[in-house]
Amino acid sequence: MQFRLSQAARSEGHRLHSHDRLDSTNCEAMRLAHGGEAGPLWVTTRRQEAGRGRRGNAWTSPEGNLAASLLLPVAGVAPEMVATLGFVAGVALVDAIRDACRLDPSPLSPQAGEGDALPQGIAAAHAAIHLKWPNDVLADGRKLAGILLEAETLPGGRRAVVVGFGVNVAAAPEGLPYPAAALSAFSAADAPRLLEFLSERFVEAVRIWNKGRGFSNIRRRWLERAAGVGAPVSVRMAEVTLTGIFETIDEGGRLVILAPDGTRRTVTAGEVHFGRAATAA
């Protein structure tokens, strides 16, 4: 696999470091930041051996899948807006997957839940790609990709922000507590092609975001691509499970749930389930 960036990304000063094998592209990007690298720099690897997802979960990335991280300069970005880069990344990734696979933006209802059966007559080549709050991408309700945003304050006060992308391109992991999917089930797109589209779409999305000043536009785009809006949702947190209707995300990126009693609750973090999984929770 020969990874490359789009012309648009290169024109914006993005560079690429490609490896045959790494523990984690996020870890490598952060190591480079500690060594003085400011970015924007993409780090990719053919095989990732110790990838991480949200809350420290392992993320398997065998050869043929995409493991890529972007070290992004955030000078001039308000600290509270850094976290909204996760939504920038989500919008960019969904659009890049649709580009790489030449998919219709919404052939299936975005309200499909995890593992819901596909309607009759829907071919694999028309898989529905949607975002799942806060950091996943679903293909027909099955987990296709994850995004991991990490930030550190370096000596001297400089902030380092790394946006990591893990996409099941060639194969989906087995034995998980949730259904997973791979691009190979409905597309001939490969990891290098996907990265090229992703680097272009990220440049586009981060320009709209505009150091957080344009988050309202990113929020609107994210909601247009989101799974489960207007449908039952269940959010499991450390000591409580909230259920209701997924109404929206607010201007801070928090999930807004309309509870059965008519009150609204905002959620900063939690394990989200839609469809049958939500109503059974």
Side-chain angles (χ1 to χ4, degrees), residues 1-6 9 14 16-30 41-71 86 89-103 114-115 124-125 127-132 134-150 162-202 225 227:
M1 294 189 295
Q2 184 64 47
F3 289 105
R4 59 190 179 274
L5 300 181
S6 68
H14 288 225
L16 173 65
H17 285 189
S18 291
H19 301 263
D20 285 332
R21 189 182 300 266
L22 279 176
D23 54 349
S24 158
T25 57
N26 263 37
C27 288
E28 174 65 11
M30 197 61 79
L41 176 70
W42 289 87
V43 176
T44 62
T45 185
R46 293 164 61 95
R47 180 178 290 274
Q48 180 171 253
E49 298 179 333
R52 292 171 290 112
R54 196 163 54 96
R55 298 194 298 272
N57 293 329
W59 180 269
T60 303
S61 185
E63 189 166 346
N65 286 0
L66 178 64
S69 297
L70 173 61
L71 173 63
V91 168
L93 182 54
V94 163
D95 289 351
I97 291 170
R98 290 172 177 174
D99 289 343
C101 302
R102 297 180 181 177
L103 294 174
E114 298 103 318
I129 307 298
H130 292 106
L131 288 159
K132 178 185 176 185
N135 65 347
D136 290 343
V137 176
L138 306 178
D140 293 326
R142 294 157 172 79
K143 184 167 179 176
L144 177 68
I147 296 165
L148 178 63
L149 180 70
E150 296 185 298
V162 175
V163 186
F165 301 87
V167 185
N168 300 328
V169 178
E174 298 179 353
L176 301 176
Y178 52 81
L183 286 184
S184 59
F186 53 85
S187 170
D190 58 18
R193 175 178 170 84
L194 178 57
L195 177 68
E196 187 170 5
F197 279 112
L198 176 58
S199 65
E200 180 164 353
R201 286 295 193 168
F202 195 94
R225 294 155 177 77

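Remark: R4 pairs with E196 by the salt bridge (Lys or Arg N to Asp or Glu O under 4.0 Å) rule, at least two apart or across chains. Under the side chain to side chain donor-acceptor pair (under 3.5 Å) criterion, H17 pairs with no residue, sequence neighbours left out. Scanning for side chain to side chain contact (heavy atoms under 4.5 Å, CB included) contacts around A189 gives A100, C101, S187, R193, with sequence neighbours left out. With sequence neighbours left out, T45 forms a side chain to side chain donor-acceptor pair (under 3.5 Å) with no residue at all. Under the side chain to side chain contact (heavy atoms under 4.5 Å, CB included) criterion, A181 pairs with A139, R142, sequence neighbours left out. Scored by the salt bridge (Lys or Arg N to Asp or Glu O under 4.0 Å) test, R46 finds D20, E63 as partners (sequence neighbours excluded). With sequence neighbours left out, the side chain to side chain contact (heavy atoms under 4.5 Å, CB included) criterion links L149 to L85, V161, V163. The salt bridge (Lys or Arg N to Asp or Glu O under 4.0 Å) search around E200 returns none, not counting sequence neighbours.
Once rounded to the nearest 0.5 Å, the distance linking OG of S184 with CG of N65 reads 8.0 Å. For the atom pair CG of L5 and CG of L198, the computed distance is 9.5 Å after rounding to the nearest 0.5 Å.
What you find for R225 and D95 is that their closest heavy atoms are NE-OD1, 2.9 Å. Considering all non-hydrogen atoms of both residues, I147 and A89 come closest at CD1-C, 3.8 Å. Summarising the geometry of T25 relative to A67, their closest heavy-atom pair is CG2-O, 3.6 Å, with the distance given to 0.1 Å.
Looking at L138 and I129, their side chains never come closer than 4.5 Å, going by heavy atoms from C-beta outward. Contact annotation: the side chain of L131 never approaches that of D136 to less than 4.5 Å [non-hydrogen atoms, C-beta and beyond]. Residues S24 and Q48 have side chains in contact (heavy-atom distance under 4.5 Å, counting atoms from C-beta outward).
Below 30°, between 30° and 60°, or above 60°: for W42 and H14 the angle between ring planes is between 30° and 60°, a tilted geometry.
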